[in-house]
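Below you'll find the structure, written out as structure tokens, and then a few comments.
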Amino acid sequence: MDDYVAYLKRRMMVARLMGILACLVAIAGILLKYFNLINEWLCIISIAYAMGTIFASNSNLQDIRVGNPWQRVNALAAALLYVFVIFLIAYGFAEGLITTQF
């Protein structure tokens, strides 16, 4: 039983660490936009991706702590945000709002 408890604690710490790192990515996107190093599209894409990662991490935590209903809600929100990121990237390149040149 002690091995299982240690496994769950490690899993929770990894999920929390991923959430913290995703928050740092979102903050970095906002700071880069504030200093005009990236455009609005890349800022929105980085924030949406970070939010998707945070929801995915939270889904992993919900599996350990609360149970199935909230885990599914968080997993669905993560999937929707990842699809939104793909849409933003495709739309941005198609409209010329994101370029590969500096």
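- From Y34, atom OH reaches atom CD1 of I30 across 12.5 Å, with rounding to the nearest 0.5 Å.
- Applying the salt bridge (Lys or Arg N to Asp or Glu O under 4.0 Å) definition to pairs two or more places apart or across chains, those involving residues 26-46 are K33-E40.
- Separation of atoms CD1 (I20) and CD1 (I54) is listed at 10.0 Å; rounding is to 0.5 Å.
- For F93, there are no ring pair (Phe, Tyr, Trp, His ring centres under 6.0 Å) partners two or more places apart in sequence or in a different chain.
- Taken together through direct or relayed side-chain contacts under 4.5 Å among Ile, Leu, Val, Met, Phe, Trp and Tyr, V14 and F55 form parts of separate hydrophobic clusters.
- No continuous path of ILVMFWY side-chain contacts below 4.5 Å connects L24 to F35, so the two sit in separate hydrophobic clusters.
- Hydrophobic clustering (ILVMFWY, side-chain heavy atoms < 4.5 Å, transitive): V5 and Y7 are in distinct clusters.
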Please set out all donor-acceptor pairs under 3.5 angstrom arising from side-chain atoms of residues 44-52, sequence neighbours excluded.
| unit_1 | atom_1 | unit_2 | atom_2 | d |
| --- | --- | --- | --- | --- |
| S46 | OG | L42 | O | 3.3 |
| S46 | OG | C43 | O | 2.9 |

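- T53 contributes atom OG1, which lies 10.0 Å from atom CG of L21 (distance to the nearest 0.5 angstrom).
- Across every non-hydrogen atom of R16 and S57, the tightest pair is N-OG, 4.2 Å.
- Cluster membership for I86 and L80, using ILVMFWY side-chain heavy atoms within less than 4.5 angstrom, is not shared.
- Both Y82 and Y91 belong to a single network of hydrophobic side chains, linked directly or stepwise wherever heavy atoms of I, L, V, M, F, W or Y lie under 4.5 Å apart.
- With values rounded to the nearest 0.5 angstrom, L31 atom CG is found 9.5 Å from I38 atom CD1.
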